[in-house]
A.B. asks: 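Got a structure for you, questions after.
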Amino acid sequence: MLRQTLLFLSERNDLKKVLFKLPYARGMAGRFVAGDTSEEALAVAKRLNDRGFRVTLDLLGESVLERAEAERAAAEYAESLAEINAHEATTTISLKLTQLGLDIDTDFCYENLLGIVRQADELGNFVRIDMEDSEHTQTTLEVFYRVFERYRNVGIVIQSYLYRSEDDIAGLVEMGAPVRLCKGAYNEPASVAFQDKREVDANYVRLMKMLLDGGAPTAIASHDERMIDATLEHVSKNGISGDAFEIQMLYGVRRDYQRQLVDNGLNMRIYLPYGSQWYSYFMRRMAERPANLLFVVRAAFGD
Ligand SMILES: Cc1cc2nc3c(=O)[nH]c(=O)nc-3n(C[C@H](O)[C@H](O)[C@H](O)COP(=O)(O)OP(=O)(O)OC[C@H]3O[C@@H](n4cnc5c(N)ncnc54)[C@H](O)[C@@H]3O)c2cc1C
């Protein structure tokens with residue numbers, strides 16, 4: 001119930017305007033967001049690198065409806081790629097296609113993405129396309145397929161709560177496409193997504209096996225030790241190399257567990273968001289674990 005409410009609030013622009021004016025609001029988001037600028041984000045990324053973590057940088061932003069704003073986001077990603085290169089940071093980038101104009105025009109979005117992927121290719125870097133709500137699944141995949149035909153340094157995300165994901169993964173494995181597997185962060189109806197957590201989890205394990213058995217470059221994105229343990233058990237039983245996959249977790253979530261896995265020799269990448277558009281991202285993290293609300297309220301009041 002609280003999860004649904006928080007997810008509903010994550011889409012409320014009017015509430016966002018009020019929250020942006022609260023003095024402590026930005027500070028509350030600080031646990032999950034690296035900073036407002038790419039410079040701040042890179043400094044955090046470098047610190048994480050020094051501690052053995054790979055990073056993927058995400059410039060926060062989505063649902064862009066103005067061409068100029070989408071072009072600005074594309075330019076910021078280009079700048080970010082150049083800075084990553086200059087600082088020799090071990091970090092890729094993650095982006096959302098609605099941030100690059102998917103809701104404006106598919107070709108326009110494709111061109112924006114292509115430019116970023118081309119530049120990343122020249123710099124030896126990699127671009128991950130985050131997956132958004134189910135209204136965008138098909139178009140996101142179509143844009144990805146078009147770019148993947150030309151460049152191999154681009155990957156996609158699949159969500160285990162969607163019924164369609166098994167078919168999508170079968171096709172992606174066939175193509176040898178890099179896939180990040182997650183459970184899914186949006187409020188989806190029963191017509192397209194499993195509603196029972198046990199079914200989402202069971203599908204996660206099924207899809208994880210399809211990816212690893214099919215030899216796809218795989219990212220296991222989860223903080224759930226049952227998903228991680230199932231992965232480790234599967235790779236150990238089937239003699240799959242530790243370099244065939246990496247674990248990915250969000251910045252600020254289960255930090256002790258992140259450390260433990262790196263200490264055990266696993267490849268771990270931290271998803272590190274930055275930028276002023278932190279509201280929806282922050283609210284989705286609250287929805288995943290409402291206990292975090294207590295944490296941020298305490299932090300805001302200096303406890
Ligand atoms: C690297 C990465 C990239 C992602 N990319 C996408 C994407 O492109 N599209 C998309 O829809 N979703 C994405 N997600 C979000 C994902 O879909 C889930 O919503 C989120 O990861 C929670 O699911 P879980 O697998 O961690 O398991 P859950 O069953 O939700 O959680 C398992 C346990 O992890 C801990 N935990 C989980 N979340 C939190 C939290 N916020 N704070 C504190 N503890 C927590 C709790 O102890 C919980 O019991 C991404 C997640 C990660 C880690």
Side-chain angles (χ1 to χ4, degrees), residues 2-3 6-7 10-11 28-29 31-33 48 53-58 60-62 91-99 102 126-137 140-141 144 154-162 164-165 168 178-188 192-194 196-205 207-208 218-231 245-258 260-261 267-273 278 280-296 299:
L2 187 51
R3 176 176 181 270
L6 287 163
L7 281 175
S10 77
E11 288 158 19
M28 290 195 292
R31 174 172 172 145
F32 302 103
V33 179
L48 288 166
F53 297 100
R54 303 168 178 181
V55 172
T56 186
L57 272 182
D58 164 51
L60 290 168
E62 56 200 287
T91 174
T92 58
I93 58 170
S94 289
L95 48 77
K96 292 185 174 48
L97 291 190
T98 64
Q99 188 180 19
L102 188 63
F126 177 84
V127 177
R128 177 78 63 179
I129 302 172
D130 288 345
M131 189 55 81
E132 300 178 66
D133 60 280
S134 61
E135 303 251 303
H136 294 100
T137 310
T140 299
L141 280 165
F144 165 72
V154 59
I156 189 74
V157 177
I158 294 293
Q159 301 149 322
S160 72
Y161 63 18
L162 293 187
R164 60 173 287 163
S165 290
D168 288 333
V179 175
R180 174 202 291 155
L181 181 63
C182 67
K183 291 186 187 177
Y186 299 83
N187 217 355
E188 298 290 359
V192 298
F194 297 110
D196 183 344
K197 189 169 160 39
R198 281 167 305 186
E199 286 185 285
V200 177
D201 291 354
N203 201 35
Y204 193 103
V205 173
L207 300 180
M208 170 273 287
T218 302
I220 297 297
S222 178
H223 315 95
D224 186 342
E225 55 250 55
R226 288 166 315 121
M227 300 303 111
I228 312 284
D229 288 349
T231 305
F245 71 100
E246 64 182 17
I247 313 275
Q248 297 191 349
M249 293 192 194
L250 304 178
Y251 180 62
V253 176
R254 301 207 70 184
R255 289 180 289 198
D256 292 348
Y257 189 34
Q258 295 176 1
Q260 182 196 323
L261 292 172
N267 293 321
M268 161 76 69
R269 191 176 296 277
I270 304 295
Y271 184 101
L272 183 61
W278 48 264
S280 307
Y281 178 84
F282 177 65
M283 292 302 273
R284 282 203 293 274
R285 301 293 79 80
M286 292 301 106
E288 276 155 15
R289 191 164 183 257
N292 280 335
L293 274 175
L294 201 62
F295 168 86
V296 295

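The structure presented is a predicted model; accordingly, all values stated were derived computationally and were not measured. Order of appearance sets the numbers: ligands from 1, and atoms from 1 within every ligand.
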A.B. asks: Who are the salt bridge (charged side-chain N to carboxylate O under 4.0 Å, His left out) partners of Glu188, not counting sequence neighbours?
C.D. replies: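 Salt bridge (charged side-chain N to carboxylate O under 4.0 Å, His left out) check on Glu188 returns nothing, list empty.
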A.B. asks: Under a 3.5 Å distance rule, please check whether Tyr161 uses its side chain to pair with a backbone N or O of Tyr186 as donor and acceptor.
C.D. replies: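 Here the side-chain-to-backbone pair exists.
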A.B. asks: Assess whether a salt bridge exists between Lys96 and Glu62, defined as any Lys/Arg side-chain N lying under 4.0 Å from an Asp/Glu carboxylate O.
C.D. replies: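 Answer for the salt bridge query: no.
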A.B. asks: Does Arg226 have any salt bridge (charged side-chain N to carboxylate O under 4.0 Å, His left out) partners at least two apart in sequence or in another chain, and if so, which?
C.D. replies: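 Applying salt bridge (charged side-chain N to carboxylate O under 4.0 Å, His left out) to Arg226 gives Asp201, Asp224.
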A.B. asks: Students should find this: residues with any non-hydrogen atom under 4.0 Å from ligand 1. What is the answer?
C.D. replies: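 Contacts of ligand 1 under 4.0 Å: Asp130, Met131, Val157, Gln159, Arg180, Cys182, Lys183, Gly184, Ala185, Tyr186, Lys197, Ala221, Ser222, His223, Asp224, Gln248, Met249, Leu250, Val253, Arg254, Tyr271, Arg285, Glu288, Arg289, Asn292.
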A.B. asks: Walk me through it: do Gln248 and Ile220 pass the test side chain to side chain contact (heavy atoms under 4.5 Å, CB included)?
C.D. replies: CA-CA 6 Å; Gln248 297 191 349; Ile220 297 297; over 6 Å; no
A.B. asks: Who pairs with Arg180 by salt bridge (charged side-chain N to carboxylate O under 4.0 Å, His left out), at least two apart in sequence or on another chain?
C.D. replies: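 By the salt bridge (charged side-chain N to carboxylate O under 4.0 Å, His left out) rule, Arg180 matches Asp130.
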